Each structure stands twice: as C-alpha cells, then as structure tokens.
Asker: 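Take this structure, written in structure tokens, and hold onto it; I'll ask about it next.
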Amino acid sequence: VGVVSQYRYRGIAQTKGDAALQGGVDYANANGFYLGAWGSTIKWIKDAAPTGSNPQAKGPVELDLYGGYKFEAAGLAYDVGYLRYQYVGNTYKDAGYVNANTDEAYGAVTAGPATLKYSYAFSDLFGNVNSKGSTYWDLSATFDLGNGYSLVPHVGRQVVKNSSPSVSYTDVALTLNKDLGEGLSASVAAISTSGNTTAFTNLSSTGYNAAKSALVVGVKYAF
C-alpha cells in the first residue's frame, strides 16, 4: 500500500496532478505462474471533456487484474502475461468515447539490469475510439547504488492505433528509490513526455495538460 503526490502512468497524469492512494496484492507460485491485483484512485475519467451534448463521465477507481508466467532460458529472464485495466463503474462511453476498460497482453525479457517489455491492446485502449491493436514499448533498467538506493531510468513509446499522430507519444522517467527498512520505501521520479499539449489539453474539461512534465514523490509499505 502507498501514496504518491500524483499518479502517472506511461508518463500521463491519471489524477490531474493530485495525490493518489494505491495498493495491491500478488501471489507467485514457485513454478513461475503468478496472479495479482492493483488499484489506485484516478481523476482523468471525471475530468474528460464530454463531446457534443454528452454528460460528464464518472469513474474514480482503476483496478488492474493480471496473471502471467515467468521463466529463465539461455541466461535471460522472461515474463509473459495478460492485464485487464478495469475502471470500476466508469461511464466514459456516455461522454462520447468508448468504454475505458482495456485488455492487454505483454511480454518482457530481462538481461542484467535492463528489461524490454512490449504490450499489445486486444481492446480499445483507455477509451480511444477504434484503437484496438495499440502498442507500448517499455525499456527500463534498475541499478543498485548501495545503501538501499536504486536508480531506474525508463523510456517508453505509446502508439495509439487509428488515431491522430498527436495522440501517440514518447515518455521518459528517472526514478530514485530508497529502501527504508521494515517494508517501507520511498521514491522520487522526474517524468517528461513528448505528448502534444493541444491534444491532451483538449481531452480535459478543465484544460489540464496531462502530458506535461512532473516530479512525483511517493512512499510505500510492503508486507
């Protein structure tokens, strides 16, 4: 469980710059199979700009349900799985979009400190109309700095299928983590994206640019 100064996913603001409460639970079997659930408060659905005479959308919670299999071969670590983003009770489609709920399959390979991950959407992506087949590439690395510190650089590329090129973007982040002991940890992340200011501002009923750069701090307790 934890709290962050704001929730960013793939570089994009999910809580309109406000703090978020988050938590999850995981089960991992010794044979490599795993299941998990993770949730967070969100504000982007409520903040969506309704089209035409459509009403304001609702949907205050994101619940992610996932399962997969991890294994090693030829000195590399692999991870394949399926992820369901469930935006509980969301009415995003009533605002003139499509249902925000999203299904993705993913595969990742890790070599040393670096991990390359590919995600493919089997449904419309996060409420974007006719966006089945959208993809996300994620390249990250974790470097142990000693004394409980770790540094995680990241670059990602989100491509939204059948949408304006201005909706697709690249995001970069640099996160410093600190293990405080007894299951407690803290983090600070600098995040930036190439997201088009006009495109992302137009998605908001309040003119908020969800793609702007941000500094995010958080604290988490694992047990």
Side-chain angles (χ1 to χ4, degrees), residues 6-18 20 40 42-64 82-108 116-140 153-174 189-216:
Q6 64 168 290
Y7 173 24
R8 288 267 171 157
Y9 187 64
R10 295 179 179 173
I12 303 301
Q14 308 293 299
T15 51
K16 211 174 68 170
D18 295 332
S40 177
I42 60 169
K43 292 187 176 179
W44 69 269
I45 292 179
K46 182 180 180 180
D47 187 49
T51 61
S53 59
N54 294 300
Q56 200 75 21
K58 298 177 182 179
V61 175
E62 172 188 339
L63 176 63
D64 300 345
Y82 203 90
L83 172 57
R84 166 76 170 185
Y85 303 86
Q86 184 76 29
Y87 297 97
V88 182
N90 85 86
T91 60
Y92 200 54
K93 63 181 180 62
D94 295 334
Y97 305 95
V98 294
N99 195 307
N101 296 339
T102 299
D103 293 283
E104 284 188 339
Y106 58 85
L116 179 63
K117 182 177 180 180
Y118 172 76
S119 299
Y120 177 90
F122 281 93
S123 67
D124 288 319
L125 184 80
F126 308 135
N128 289 283
V129 178
N130 194 29
S131 57
K132 178 181 178 180
S134 296
T135 60
Y136 185 74
W137 286 96
D138 178 340
L139 178 60
S140 301
H154 153 85
V155 60
R157 177 64 182 173
Q158 177 74 74
V159 175
V160 183
K161 193 83 168 181
N162 299 320
S163 294
S164 165
S166 64
V167 179
S168 299
Y169 64 91
T170 299
D171 70 286
V172 295
L174 184 63
I191 301 170
S192 184
T193 82
S194 67
N196 182 277
T197 298
T198 300
F200 280 92
T201 300
N202 286 345
L203 289 173
S204 167
S205 62
T206 60
Y208 182 81
N209 178 15
K212 66 182 180 180
S213 299
L215 187 69
V216 179

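Just so we're clear, the structure is a prediction, and the values are computed from it rather than from any experiment. Along the sequence shown, residues carry numbers from 1.
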Asker: Decide whether Ser204 and Asn202 meet the rule of one side-chain donor and one side-chain acceptor closer than 3.5 Å.
Answerer: no
Asker: Compare every heavy atom of Asn54 with every heavy atom of Gly96, then report the nearest pair and how far apart it is.
Answerer: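 Nearest pair, atom of Gly96 first, then Asn54: CA-ND2, 3.6 Å.
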Asker: Return yes if a side-chain donor-acceptor contact under 3.5 Å exists between Glu62 and Tyr9, otherwise no.
Answerer: no
Asker: Locate the shortest heavy-atom distance separating Gln158 from Arg10; write the atom from each residue and the value.
Answerer: OE1-NH1, 3.0 Å
Asker: In the structure I gave you, are the side-chain heavy atoms of Ile191 and Val216 within less than 4.5 Å of one another anywhere?
Answerer: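 Yes, at least one pair of side-chain atoms sits under 4.5 Å.
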Asker: To the nearest 0.5 Å, tell me how far Asp47 CG sits from Lys16 NZ.
Answerer: 4.5 Å
Asker: What distance do Glu104 atom CD and Ser123 atom OG have between them, rounded to the nearest 0.5 Å?
Answerer: 7.5 Å
Asker: Which heavy atom in Ala211 sits nearest to a heavy atom in Gly195, and how many Å separate them?
Answerer: CB-CA, 3.9 Å
Asker: Between Tyr136 and Asp171, is any side-chain donor less than 3.5 angstrom from a side-chain acceptor?
Answerer: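 A pair is found: one side chain offers a donor N or O, the other an acceptor, under 3.5 Å apart.
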Asker: Could you measure the distance from the NZ atom of Lys212 to the OG1 atom of Thr201? Nearest 0.5 Å is fine.
Answerer: 9.0 Å
Asker: Given 3.5 Å as the limit, does a donor-acceptor pair link the side chain of Asn162 with the main chain of Asn130, or not?
Answerer: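 Side chain of Asn162 to backbone of Asn130, a donor-acceptor pair under 3.5 Å: yes, one is there.
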Asker: Does the distance from a Lys or Arg side-chain N to an Asp or Glu carboxylate O, for Lys43 and Asp18, drop under 4.0 Å?
Answerer: yes
Asker: Just how far is it from atom OG of Ser40 to atom OH of Tyr7, taken to the nearest 0.5 Å?
Answerer: 5.5 Å
Asker: Quick check: does any side chain N or O of Ser168 sit under 3.5 Å from a backbone N or O of Val160, one acting as donor and the other as acceptor?
Answerer: yes
Asker: Apply side-chain hydrogen bond (donor to acceptor under 3.5 Å, both in side chains) to Ser164 and list each qualifying residue two or more places apart in sequence or on a separate chain.
Answerer: Ser166
Asker: Between Asn128 and Tyr97, is any pair of side-chain heavy atoms under 4.5 Å apart?
Answerer: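 When only atoms from C-beta onward are counted, Tyr97 and Asn128 do not touch, as no gap falls below 4.5 Å.
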Asker: Output the distance between atom CZ (Phe126) and atom CD1 (Ile12), rounded to the nearest 0.5 Å.
Answerer: 10.5 Å
Asker: Closer than 3.5 angstrom, by distance alone: can the side chain of Thr91 be matched with the main-chain N or O of Lys58 as a donor-acceptor pair?
Answerer: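 Flag set: sc Thr91 to bb Lys58 pair under 3.5 Å.
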Asker: Taking all non-hydrogen atoms of both residues, which atom of Arg8 and which atom of Ser213 are closest, and how far apart?
Answerer: NH2-O, 4.2 Å
Asker: To the nearest 0.5 Å, what is the distance between CZ (Arg157) and CG (Leu139)?
Answerer: 14.5 Å
Asker: Would you mind reporting whether Leu83 and Asp103 have side-chain heavy atoms less than 4.5 Å apart?
Answerer: no
Asker: A side-chain contact here means heavy atoms from C-beta on lying under 4.5 Å apart; do Ser205 and Gln56 qualify?
Answerer: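 In contact.
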Asker: Ion pair present between Asp124 and Lys132, side-chain N to carboxylate O less than 4.0 angstrom?
Answerer: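 Salt bridge flag = no for Lys132 with Asp124.
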Asker: Starting from the C-alpha separation in whole Å, work towards a yes-or-no answer on side-chain contact (heavy atoms from CB on, under 4.5 Å) for Tyr85 and Leu63.
Answerer: CA-CA 6 Å; Tyr85 303 86; Leu63 176 63; over 6 Å; no
Asker: Under 6.0 Å between the ring centres of Tyr118 and Tyr106?
Answerer: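 No, too far apart.
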Asker: Please check: side-chain N/O of Thr51 versus main-chain N/O of Ala95, any donor-acceptor pairing under 3.5 Å?
Answerer: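 Flag set: sc Thr51 to bb Ala95 pair under 3.5 Å.
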Asker: Under the side-chain contact (heavy atoms from CB on, under 4.5 Å) rule, collect the residues that match up with Ala100, sequence neighbours excluded.
Answerer: Trp44, Ile45, Tyr87, Asn90, Tyr92
Asker: side-chain contact (heavy atoms from CB on, under 4.5 Å), that's the test. Do Lys161 and Thr135 meet it? Break it down for me.
Answerer: CA-CA 8 Å; Lys161 193 83 168 181; Thr135 60; over 6 Å; no
Asker: Considering non-hydrogen atoms only, spot the tightest contact between Thr15 and Ile42 and give its length.
Answerer: CG2-CA, 3.8 Å
Asker: Is there a donor-acceptor contact under 3.5 Å from the side chain of Ser194 to the main chain of Thr170?
Answerer: yes
